[in-house]
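Structure first, then comments.
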Amino acid sequence: MKLPSEPIYFFVQLALQERDKLVAEMMRFMLFKNHQHPGVPVKREELTQIVTKNYRQRNLPNLAILQAQKQFASIFGYEMKELQRSRSSKNNLTRCSQQSTTEAKSYVLKSMLPEELRIRFVQDKDSSQLLGLTFVVVGILQLCGGKIPEDTLWQHLRRLGVDEHEEGHTVFGNVKQAIETITKQRYIQKEKVSVPGGDVTVYELAERAVDEVVSRKIKESIMEVQVWV
């Protein structure tokens, strides 16, 4: 008879009350962070620390996260979705194909309700303005091949009546702050890139924007606009 691997065996052998407490603590942390910073992914390292502060089994955090994902789906109707992106292991600003990367994982809570019910009963109406701006910014980046210099992005936004120097926009409020929120929510990311004339800031699509469902919906909406134009 083949015995289960040590972390799985250890997780099974944990007292039921202790396992439930561990998973519940992880779920509370996710809910708190989602309430504190809506839509901003929670880093895997933060969740891992909940487990490793008391236990040293290598894969135990993985098992606890999997259990938390199941509980969120069955109890709250939330998908605890894993996001994954490559981050440079270099400290300088130059990007090159030879540099090594490490995978940075994070998690975000998404309602599993159908879209029409989510919009009607769950979605915060106060967040619709930011969602609209997110749609526009991601759409611009998609049309530009997924990456665009910061100055060019603002040129396109100014043509739509959105100025980076405007702190009291009638819809978006502080526009620069709104763009920063979209960045924190991992729809876009920015970094400095070295070019012959100096360093420039570049925006590109982040992991939430390249999600298959999100990307498809934005492309479909762009096609509809092009048809009407």
>> I need the Gln155 CD to Glu164 CD distance, nearest 0.5 Å.
In response: 9.5 Å
>> Quick check for you: to the nearest 0.5 Å, what is the distance between Lys105 atom NZ and Gln84 atom CD?
In response: 5.0 Å
> Are Gln142 and Val138 side-chain neighbours, meaning at least one heavy-atom pair lies under 4.5 Å?
Replying inline: yes
> Do any pairs count as a ring-ring contact (aromatic ring centres under 6.0 Å, His included) and have a residue in residues 136-182, sequence neighbours left out, and if so which ones?
Replying inline: His169-Phe172
>> Using side-chain contact (heavy atoms from CB on, under 4.5 Å), reason through Gln189 and Tyr203 one step at a time and then give a plain yes or no.
In response: CA-CA 6 Å; Gln189 59 187 356; Tyr203 280 98; over 6 Å; no
> Are Leu109 and Met30 close enough, and set up right, to give a side-chain contact (heavy atoms from CB on, under 4.5 Å), and what steps lead you there?
Replying inline: CA-CA 8 Å; Leu109 295 178; Met30 282 292 301; 3.8 Å; yes
Without placing hydrogens or testing angles, list every side-chain donor-acceptor pair under 3.5 Å for residues 175-184, not counting sequence neighbours.
residue : atom : partner : partner atom : Å
Thr181  : OG1  : Gln177  : O            : 3.1
Thr183  : OG1  : Ile179  : O            : 2.9

> In chain order, what residues pass the ring-ring contact (aromatic ring centres under 6.0 Å, His included) check against Phe76, with sequence neighbours excluded?
Replying inline: Phe72
> Looking at side-chain heavy atoms only, is the closest gap between Val40 and Lys33 below 4.5 Å?
Replying inline: no
> How is the hydrophobic cluster of Leu83 composed, in terms of its other members, when Ile, Leu, Val, Met, Phe, Trp and Tyr link through side-chain heavy atoms under 4.5 Å apart, directly or indirectly?
Replying inline: Val108
> Of all residues at least two apart in sequence or in a different chain, which pass the salt bridge (Lys or Arg N to Asp or Glu O under 4.0 Å) check with Arg216?
Replying inline: Glu220
> Passes side-chain contact (heavy atoms from CB on, under 4.5 Å), Ile188 versus Arg208? Steps please.
Replying inline: CA-CA 8 Å; Ile188 58 175; Arg208 293 187 74 179; over 6 Å; no
> If every non-hydrogen atom of Ile218 is compared with every non-hydrogen atom of Gly139, which pair is closest and at what distance?
Replying inline: CG2-CA, 4.0 Å
> Tyr187 and Val137: side-chain contact (heavy atoms from CB on, under 4.5 Å), yes or no, with the steps?
Replying inline: CA-CA 9 Å; Tyr187 285 102; Val137 172; over 6 Å; no
> Side chains of Gln69 and Tyr78: donor-acceptor distance under 3.5 Å anywhere?
Replying inline: no
>> Assigning hydrophobic clusters by single linkage (Ile, Leu, Val, Met, Phe, Trp, Tyr; side-chain heavy-atom cutoff under 4.5 Å), is Leu133 placed with Leu143?
In response: yes
> Does some side-chain heavy atom of Lys43 sit less than 4.5 Å from a side-chain heavy atom of Thr48?
Replying inline: no
> Can you tell me how far CG of Leu31 sits from CE of Met80, rounded to the nearest 0.5 angstrom?
Replying inline: 10.0 Å
> Could you go step by step and tell me if Glu207 and Lys81 meet the salt bridge (charged side-chain N to carboxylate O under 4.0 Å, His left out) rule?
Replying inline: CA-CA 11 Å; Glu207 54 270 27; Lys81 185 176 179 63; over 6 Å; no
>> Between Glu204 (side chain only) and Glu191 (backbone N and O only), is there a donor and an acceptor less than 3.5 Å apart?
In response: no
> Can you name the side-chain hydrogen bond (donor to acceptor under 3.5 Å, both in side chains) partners of Thr201, sequence neighbours left out?
Replying inline: Lys192
> Which is it for Tyr55 and Glu18 under the side-chain hydrogen bond (donor to acceptor under 3.5 Å, both in side chains) test, yes or no, and what are the steps along the way?
Replying inline: CA-CA 12 Å; Tyr55 302 100; Glu18 187 67 18; 2.6 Å; yes
>> For the NZ atom of Lys190 and the CG atom of Leu153, what is their distance to the nearest 0.5 Å?
In response: 11.0 Å
>> What's the separation between atom CG in Leu205 and atom CG in Asp211, rounded to the nearest 0.5 Å?
In response: 12.0 Å
>> Quick check for you: to the nearest 0.5 Å, what is the distance between Leu157 atom CG and Ile140 atom CD1?
In response: 4.5 Å
